[in-house]
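Everything below concerns the one structure shown next.
Both backbone and side-chain heavy atoms feed into the values below; hydrogens, waters and symmetry mates do not.
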Amino acid sequence: MNKKQKTMLRRILAAAAMLIALQFIPAAGALRFVLYMIPYFTIGYDILIKAGKGIKNRQVFDESFLMAVATVGAIALALYGGSGDYTEAIAVMLFYQVGEWFQSCAVGKSRRSISELMDIRPDYANIERDGQLEQVDPDEVEIGSIIVVQPGEKVPIDGMIVEGVSTLNTSALTGESLPRDAQAGDAIISGCINMTGVLRIQTTKEFGESTVSRILDLVENASSRKSRSEAFISRFARIYTPAVCYAALALAFLPPIVRLAALGLPADWGTWIYRALTFLVISCPCALVISIPLSFFAGIGGASSAGVLVKGSNYLEALSQAGIVVFDKTGTLTQGVFEVSGIHHSEMENEKLLEYAALAESASSHPISRSLQRAYGRELDRSRVSDIQEISGNGVTAKVDGIPVAAGNDKLMEHLGISFIPCHSVGTIIHMAVNGAYAGHILISDIVKPHSKEALAALKAAGIRRTVMLTGDSRRVAEAVAEELGVDEVYSELLPADKVAKVEELLKAKPAKEKLAFVGDGINDAPVLGRADIGIAMGAMGSDAAIEAADVVLMDDDPLQIPKAIRISRKCLGIVYQNIVFAIGIKLICLALGAVGIANMWLAIFADVGVMILAVLNAIRALFVKKL
């Protein structure tokens with residue numbers, strides 16, 4: 001509980017104690033009025049000041065104005081009628097402040113929960129100077145500096161490990177409790193917790209541009225992007241509040257005038273003014289105005305704790321309406337790591353064929369070339385290779401130990417006039433020719449992620465109507481992966497511009513209220529991420545391009561995060577709609593009861609505060625998403 005909340009609690013207790021004590025003090029007339037005004041101003045002075053400022057600034061119609069008018073009116077009626085019963089006015093203000101205090105505590109709790117779940121901001125960085133570790137502000141560390149992270153400390157800045165072996169806890173970033181191994185040569189991002197060994201890290205970014213800063217900034221500023229539901233509530237409150245004020249005014253004056261002028265009955269001003277004041281108390285829209293933004297705030301915070309970063313409540317709302325999910329293949333449904341999965345029709349030992357292929361491809365950084373080098377598994381002596389010539393789109397020719405070697409696709413073999421044996425397996429085929437003769441072919445395949453099939457099934461179970469895969473791979477490869485995973489539609493051999501065009505087609509064909517989500521790796525798919533209704537960057541931990549391009553960033557590369565993100569958004573929107581229906585429904589019933597004189601001011605304030613408390617408690621449920 002912060003200082004402001006403690007002060008308010010003391011005011012509430014003091015006012016309540018004085019109100020109870022006054023019930024046992026026999027006082028009348030002016031003395032009674034003065035005594036009762038002490039607890040009234042103790043509990044309500046800030047509301048009266050806010051109402052006065054609102055009138056002064058011509059922003060009249062808010063809840064402070066409604067409370068001020070209702071309670072001052074009740075006091076005026078007690079004076080006018082000579083009853084001396086000021087208890088009701090004080091109690092109305094007291095219960096209203098109890099509701100405000102409760103709401104403040106609830107919001108504070110949700111903020112604390114989010115800050116605890118997102119407790120990744122480092123307090124310091126260790127710089128080694130004269131053989132001693134010195135703690136400095138992370139903002140002061142320049143790019144290229146060497147920092148030391150000891151076991152149990154947070155990694156403060158993105159960098160490259162130059163010395164040490166350790167295990168990292170990335171749960172605050174990814175929501176995944178499984179630790180990750182790290183060693184010299186690995187990139188490391190801020191926000192991880194070093195669990196075992198001492199690491200020496202060379203920084204590659206300034207603190208302000210590091211992953212932890214960007215994530216915290218994204219979460220903190222997410223509330224600035226309003227959803228349609230929040231915009232509706234804001235518009236509703238702007239229209240609703242003045243409308244009920246004018247309705248209360250009409251309720252206070254029209255029935256007495258009609259009774260007096262048309263029916264010849266006593267006007268009974270006191271009864272109708274009291275009903276109008278009760279009507280004003282009931283009409284307070286605080287349950288809606290508070291609980292709806294709080295629901296989205298809690299939903300975004302709960303999602304971030306599970307490794308799902310949502311850039312705004314508008315995207316959270318759109319994600320809940322997703323009906324089509326479009327996937328990039330490489331790096332999204334597959335690992336993007338190509339491995340040698342077979343050697344066929346080899347005219348020599350498999351190891352020797354791999355050696356020729358790895359040496360011929362040794363100058364290339366292409367993933368296919370790297371997979372050949374990994375499969376060979378030994379250090380390459382590039383001095384054995386000469387006359388390397390890369391033929392774009394076909395492959396490479398070179399001399400290895402003076403022997404002509406060619407490694408490439410069908411077109412390369414045709415170009416060289418070498419007959420080859422076609423491969424019927426699915427994957428990338430590297431045909432090999434050694435010294436002008438065909439020597440066999442090597443099959444290289446991308447590996448499907450372990451949870452991809454399960455994730456597609458979970459999306460179907462969540463009500464996703466259609467799944468689509470877009471890829472630049474060959475038709476055979478794409479169709480084989482789509483069939484294995486259960487993807488509804490697949491489009492292959494696409495360039496980046498073709499992917500955008502295909503998403504445009506899908507957007508035009510879908511129903512108006514349905515949203516299309518595109519899931520990509522966030523680096524090569526930025527144009528498509530930007531064009532979709534919801535762009536989801538997956539496995540983007542530490543990727544600037546992903547965080548910039550996407551609307552939703554999944555910090556882990558597990559495909560199961562996608563259906564989890566959709567379930568989180570739907571839970572949050574369900575809570576929002578529950579609060580809207582509940583708050584408006586109760587308000588309308590109580591307004592009708594107040595207008596006909598069934599509900600008095602006590603019931604009005606209990607209904608108002610009770611609805612607000614229940615709505616706020618319901619909103620806080622959006623924080624808890626771990627088991628979704």
Quiz item: For the residue pair Ala406 and Thr397, what are the closest heavy atoms and their distance?
Solution: CB-CG2, 4.1 Å
Self-check item: Approximate separation, where rounding is to 0.5 Å, of Ile534 CD1 and Lys311 NZ
Solution: 14.0 Å
Quiz item: Can you find a heavy atom in the side chain of Arg129 that is under 4.5 Å from one in the side chain of Val136?
Solution: yes
Quiz item: Is it true that Lys508 and Glu505 make a salt bridge, defined as a side-chain N closer than 4.0 Å to a carboxylate O?
Solution: no
Practice problem: Would you mind checking if Glu351 and Arg378 are paired as a salt bridge, meaning a charged N to carboxylate O distance below 4.0 Å? | Solution: yes
Quiz item: Measuring from Ile343:CD1 to Met432:CE, what's the distance to the nearest 0.5 Å?
Solution: 9.5 Å
Self-check item: Of Ile147, Leu133, Ile146, the residue whose pairing with Glu128 passes side-chain contact (heavy atoms from CB on, under 4.5 Å)
Solution: Leu133
Self-check item: Within 6.0 Å of CD in Glu206, more than 12 heavy atoms from elsewhere
Solution: no
Quiz item: What distance separates Glu153 CD from Asp123 CG, expressed to the nearest 0.5 Å?
Solution: 10.0 Å
Exercise. Using atom types as modelled and distance alone, determine if a side-chain donor or acceptor of Glu163 lies under 3.5 Å from a backbone N or O of Val198.
Key: no
Quiz prompt | Heavy-atom check, side chain of Pro156 versus side chain of Tyr124, under 4.5 Å | solution = no
Exercise. Any chance you could lay out the side chain to side chain contact (heavy atoms under 4.5 Å, CB included) test for Gln183 and Ile161, step after step, and finish with the verdict?
Key: CA-CA 7 Å; Gln183 59 187 359; Ile161 300 174; 6.0 Å; no
Exercise. Measure the CZ-CZ distance between Arg374 and Arg370 for me, rounded to the nearest 0.5 Å.
Key: 8.5 Å
Exercise. Kindly indicate, with the supporting measurements, whether the criterion side chain to side chain contact (heavy atoms under 4.5 Å, CB included) is fulfilled by Ser320 and Arg570.
Key: CA-CA 5 Å; Ser320 71; Arg570 288 180 178 170; 3.8 Å; yes
Quiz item: Taking everything shown except Gln150 itself, do over 12 heavy atoms lie less than 6.0 Å from its CD?
Solution: yes
Self-check item: Lys449 side-chain N/O to Asp557 backbone N/O, donor-acceptor pair under 3.5 Å
Solution: yes
Quiz item: Going by heavy atoms in the side chains, are Asp551 and Leu319 under 4.5 Å from each other?
Solution: no
Quiz item: Does Asn409 use its side chain to pair, donor to acceptor, with the backbone of Lys411 at less than 3.5 Å?
Solution: yes
Quiz item: Hey, does the side chain of His441 reach the backbone of Ile421 with a donor-acceptor pair shorter than 3.5 angstrom?
Solution: yes
Self-check item: Approximate separation, where rounding is to 0.5 Å, of Met413 CE and His431 NE2
Solution: 7.0 Å
Quiz item: Is the backbone N or O of Ser145 less than 3.5 Å from a side-chain atom of Thr203, with the two atoms forming a donor-acceptor pair by type?
Solution: yes
Quiz prompt | Side-chain heavy-atom pair Phe518, Asp533 within 4.5 angstrom cut-off | solution = no
Quiz item: Would a distance-only check, ignoring hydrogens and angles, find a side-chain to backbone donor-acceptor pair under 3.5 Å from Lys499 to Asp328?
Solution: no
Self-check item: Whether Asp498 side chain and Ala501 backbone form a donor-acceptor pair below 3.5 Å
Solution: no
Quiz item: Does the ring of Tyr356 carry Lys352 above it, NZ/CZ under 6.0 angstrom from centre and within 45° of its axis?
Solution: yes
Quiz item: Is the shortest side-chain N to carboxylate O distance from Arg466 to Asp488 below 4.0 Å?
Solution: no
Self-check item: Evaluation steps, side chain to side chain contact (heavy atoms under 4.5 Å, CB included), between Met160 and Ile188
Solution: CA-CA 6 Å; Met160 184 75 66; Ile188 188 169; over 6 Å; no
Quiz item: Regarding Thr196 and Ser166, is there a side-chain donor-to-acceptor distance under 3.5 Å anywhere?
Solution: yes
Self-check item: Crowding at NZ, Lys510 (>12 non-hydrogen neighbours, <6.0 Å)
Solution: yes
Practice problem: Ignoring hydrogens and angles, tell me if any N or O in the side chain of Ser190 forms a donor-acceptor pair with the backbone of Val155 under 3.5 Å. | Solution: no
Practice problem: Take the angle between the ring planes of Phe420 and Tyr438 and call it parallel below 30°, perpendicular above 60°, tilted in between. | Solution: tilted
Exercise. Would you confirm whether Ser452, through its side chain, and Thr334, through its main-chain N or O, come within 3.5 Å as a donor-acceptor pair?
Key: no
Exercise. Drop me the distance from Ile430's CD1 to Leu372's CG, to the nearest 0.5 angstrom.
Key: 6.0 Å
Quiz item: Any chance NZ of Lys460 has more than 12 other-residue heavy atoms, nucleotides or ligands included, within less than 6.0 Å?
Solution: yes
Exercise. Determine whether Ile391 and Val396 make a side-chain contact, defined as any pair of heavy atoms from C-beta on separated by less than 4.5 Å.
Key: no
Practice problem: Walk me through it: do Asp381 and Glu379 pass the test side chain to side chain contact (heavy atoms under 4.5 Å, CB included)? | Solution: CA-CA 7 Å; Asp381 182 2; Glu379 191 173 341; over 6 Å; no
Quiz item: Does a salt bridge link Lys502 with Glu489, judged by any charged N lying under 4.0 Å from a carboxylate O?
Solution: no
